[in-house]
Amino acid sequence: MSAILSPGARFRKALEENKPLQIVGTINAYAAMMAERIGHQAIYLSGGGVANASYGLPDLGMTSLNDVVEDVRRITSASSVPLLVDIDTGWGGAFNIARTIQQMEKAGAAAVHIEDQVAQKRCGHRPNKEIVSEAEMVDRIKAAVDARTDENFFIMARTDAFAQEGLEAAIERAQACVAAGADGIFAEAIKTEEHYRAFAEALDVPILANITEFGQTELWNREQLGEWGAAMVLYPLSAFRAMNKAAETVYKSILEEGDQKKVVDMMQTRMDLYDYLNYHDFEQKLDALFAEGKNK
Ligand SMILES: C[C@](O)(C(=O)O)[C@H](CC(=O)O)C(=O)O
Ligand SMILES: [Mg+2]
């Protein structure tokens, strides 16, 4: 059944079936395969993650559509779990945003979020963010919605307005985005039960809670967030941060100890790696091909 649904339709189905839907960041194709096998119903490609991991850059709007779409293709080729993609500000004016949406759809993404920061953007949990006018943000949403070819492709508006303009202004902006066709709202860097409830009560589209570590938000549990009205809970960089810490520990240990004995227990084994990759299926096919060759 799910094979015939478009990625966007699969994302919407996952939203229906999971209240709230947990969406985990998968920094690369293999991470997506692990998340899928473990049972996650939705995965995420973080804009900050592409900048940091694929290009060694900070999350300051320096990566382009092509940089992100390449990572989208790699992930959607390896996993059929619906993928939400961070398209930052959409990379330009209306025509650029339209192209971004078309490229994302073609690359197999299920959903995107587009934000109202200026092009020279910052991480949503850092100070001194600047946002565009409500009218400009509404135009971004209209351009995105108008450009999709699959009506199920899910277009989420992210507003960073809370930090400068407060709760009421942020909610008003979100309402304007919904009126312009946004399918969901990502309320960036809101912090409390009261904030989540206020967004959920004011809007009748799914609300995303961004539970990113070391930011503005407490690490609320999905049950609490669900009660407060969040339909989606995002963990954009959780596994990536853990992978980085693990790699740091291993690099240090190899240098300090002269071998990796102290850290081998924290490594995924070769067998587990091969299992996630379905390595043995490939090997069997190869053996069968060789056997056929030998029998000739
Ligand atoms: C969700 C986010 O946009 C991302 O790029 O992953 C970041 C996450 C983070 O920096 O922790 C954001 O919240 O701006
Ligand atoms: Mg981002």
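What you see below is based on every heavy atom in this structure, not just the backbone, and it leaves out hydrogens, waters and symmetry mates. Small disclaimer: the values here were computed from a predicted structure and weren't measured.
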Test side chain to side chain contact (heavy atoms under 4.5 Å, CB included) on I101 and V112; report intermediate values, then the result. CA-CA 8 Å; I101 298 298; V112 292; 3.9 Å; yes
Output for pair (I171 CD1, L203 CG), nearest 0.5 Å, gives 7.0 Å
Quiz item: Is it true that E257 and K261 have a side-chain N and a carboxylate O under 4.0 angstrom from each other?
Solution: no
Rounded to the nearest 0.5 angstrom, the CG-OG distance for L5 and S80 is 11.0 Å
Minimal heavy-atom distance between K129 and G124, with the atoms involved, is NZ-O, 2.8 Å
Exercise. Would you say D287 and F282 make side-chain contact, with heavy atoms under 4.5 Å?
Worked result: no
| task | Indicate whether any N or O donor in one side chain lies under 3.5 Å from an N or O acceptor in the other, for S46 and D86. | result | no
### Task
May I ask you to decide if A31's main-chain N or O and N28's side chain share a donor-acceptor pair within less than 3.5 Å?
yes
If you count heavy atoms of other groups shown closer than 6.0 angstrom to CD of E168, is the number above 12?
no
Residues I141 and C177: closest non-hydrogen pair is CG2-O, 3.7 Å
Is any side-chain heavy atom of R73 closer than 4.5 Å to a side-chain heavy atom of Q103?
-> yes
Quick test of your reading of the model: are E213 and R241 salt-bridged, counting only N-O distances below 4.0 Å? yes
Would you say the side-chain atoms of N18 pair up with the backbone N or O of A14, donor to acceptor, closer than 3.5 Å?
yes
Are L237 and V50 linked, directly or through intermediate hydrophobic residues, by side-chain heavy-atom contacts shorter than 4.5 Å (ILVMFWY only)?
no
Would you indicate whether Y55, at its atom OH, is surrounded by more than 12 heavy atoms from other residues, nucleotides or ligands within a distance under 6.0 Å?
yes
Margin query: Pairing donors with acceptors under 3.5 angstrom, does anything connect the side chains of T89 and Q117?
Written below: no
(message) The test is side chain to side chain contact (heavy atoms under 4.5 Å, CB included); show your working for R99 and L65 and say whether it passes.
(response) CA-CA 9 Å; R99 217 177 136 244; L65 166 60; 4.0 Å; yes
Does one hydrophobic cluster hold both L57 and V72, with members joined at side-chain heavy-atom distances below 4.5 Å?
yes
* **Within one Ile-Leu-Val-Met-Phe-Trp-Tyr cluster: M156 and I43, side-chain cutoff 4.5 Å** => no
inquiry  = Pairing donors with acceptors under 3.5 angstrom, does anything connect the side chains of E188 and T159?
reply    = no
Could you check if a side-chain atom of E165 sits within less than 4.5 angstrom of a side-chain atom of R173, using non-hydrogen atoms only?
yes
Q) Y30 vs Y276 aromatic rings, parallel, tilted or perpendicular, using cut-offs 30° and 60°? A) perpendicular
One should read off an interatomic distance between S54 OG and R74 CZ, to the nearest 0.5 angstrom, of 7.0 Å
- Message: Measuring only between side-chain heavy atoms, which start at C-beta, is R140 closer than 4.5 Å to V132?
- Response: yes
Between the OG1 atom in T76 and the CE atom in M104, the distance rounded to the nearest 0.5 Å is 10.5 Å
May I have the step-by-step check of side chain to side chain contact (heavy atoms under 4.5 Å, CB included) for I75 and Y44, ending in yes or no?
-> CA-CA 10 Å; I75 290 172; Y44 180 67; over 6 Å; no
Classify the ring geometry between H280 and Y274 as parallel (under 30°), tilted (30 to 60°) or perpendicular (over 60°). perpendicular
Check your understanding: Does atom CD of Q224 have more than 12 heavy-atom neighbours from other groups under 6.0 Å away?
Key -> yes
- Heavy-atom distance under 4.5 Å between the side chains of T26 and M33, does that happen here? no
Tightest non-hydrogen contact, residues P206 and L15, listed as CG-CD1, 4.1 Å
K13/E16 ion pair, N-O < 4.0 Å: no
Fill in: Over 12 foreign heavy atoms within 6.0 Å of CG, D281
yes
Are side-chain heavy atoms of T217 and Y196 found at a separation under 4.5 Å? yes
- Message: Measuring only between side-chain heavy atoms, which start at C-beta, is F11 closer than 4.5 Å to L83?
- Response: no
When rounded to the nearest 0.5 Å, the distance separating CD1 of I211 from CH2 of W220 is 8.5 Å
Closest non-hydrogen atoms of P82 and P7, given as atom of the first, atom of the second and distance, are CB-O, 3.9 Å
**OP:** Check whether more than 12 heavy atoms from other residues, nucleotides or ligands sit under 6.0 Å from atom CD of Q102, and answer yes or no.
**Re:** yes
Salt-bridge present (D275, R37; N to O < 4.0 Å): yes
>> What I want to find out is whether R158 reaches D160 closely enough, with some N-O distance under 4.0 Å, to be called a salt bridge.
In response: yes
| request: Classify the angle between the aromatic ring planes of H113 and F186 as parallel (below 30°), tilted (30 to 60°) or perpendicular (above 60°). | output: perpendicular
**Message:** Quick check against the 3.5 Å criterion: does D183 have a side-chain atom that pairs as donor or acceptor with the backbone of I155?
**Reply:** yes
_Side-chain heavy atoms nearer than 4.5 Å, only ILVMFWY residues, links allowed to pass through others: does that put L45 and I87 together?_
yes
The side chain to side chain donor-acceptor pair (under 3.5 Å) partner of R197 among E193, H195, E201 is E193
Side-chain donor-acceptor pair under 3.5 Å between T149 and E105, yes or no?
yes
Check: So does K121 pair up with E115, basic N to acidic O under 4.0 Å?
Finding: yes
When every non-hydrogen atom of I27 is compared with those of A53, the smallest separation belongs to CG1-CB, 3.6 Å
Worksheet entry | More than 12 heavy atoms from other groups under 6.0 Å of CD on Q120 | no
Heavy-atom nearest pair, V81 first then S79, reads N-OG, 3.1 Å
- Message: Does E248 have more than 12 heavy atoms from other residues, nucleotides or ligands lying within 6.0 Å of its CD?
- Response: yes
Assess the pair Y235 and H40: is the distance between their ring centroids shorter than 6.0 Å? no
Item to complete: State whether the side chain of R148 and the backbone N or O of F153 hold a donor-acceptor pair below 3.5 Å, judged by distance alone.
Response: yes
Is the shortest heavy-atom distance from the side chain of D272 to the side chain of T269 under 4.5 Å?
yes
**Report entry** Donor-acceptor side-chain pairing of Q260 and S253 below 3.5 angstrom
**Finding:** no
**Crowding at NZ, K19 (>12 non-hydrogen neighbours, <6.0 Å)** = yes
*Is the backbone N or O of V68 less than 3.5 Å from a side-chain atom of D71, with the two atoms forming a donor-acceptor pair by type?*
no
Could you check whether any side-chain N or O of Q22 sits under 3.5 Å from a backbone N or O of R222, counting only pairs where one atom can act as donor and the other as acceptor?
no
- Query: Would D59 and R126 pass as an ion pair if we require N to O under 4.0 Å?
  - Reply: no
Worksheet entry | Under 3.5 Å: donor-acceptor pair, side chain of Q41, backbone of G39 | yes
Checklist entry - With distance as the sole test, does W91 use its side chain to make a donor-acceptor pair with the main-chain N or O of T63 at under 3.5 Å? => result yes
In this structure, NZ of K285 is separated from CZ of F290 (nearest 0.5 Å) by 15.0 Å
inquiry  = Quick check on the hydrophobic clustering: are L21 and L225 connected, directly or via other members, by side-chain heavy-atom contacts under 4.5 Å?
reply    = no
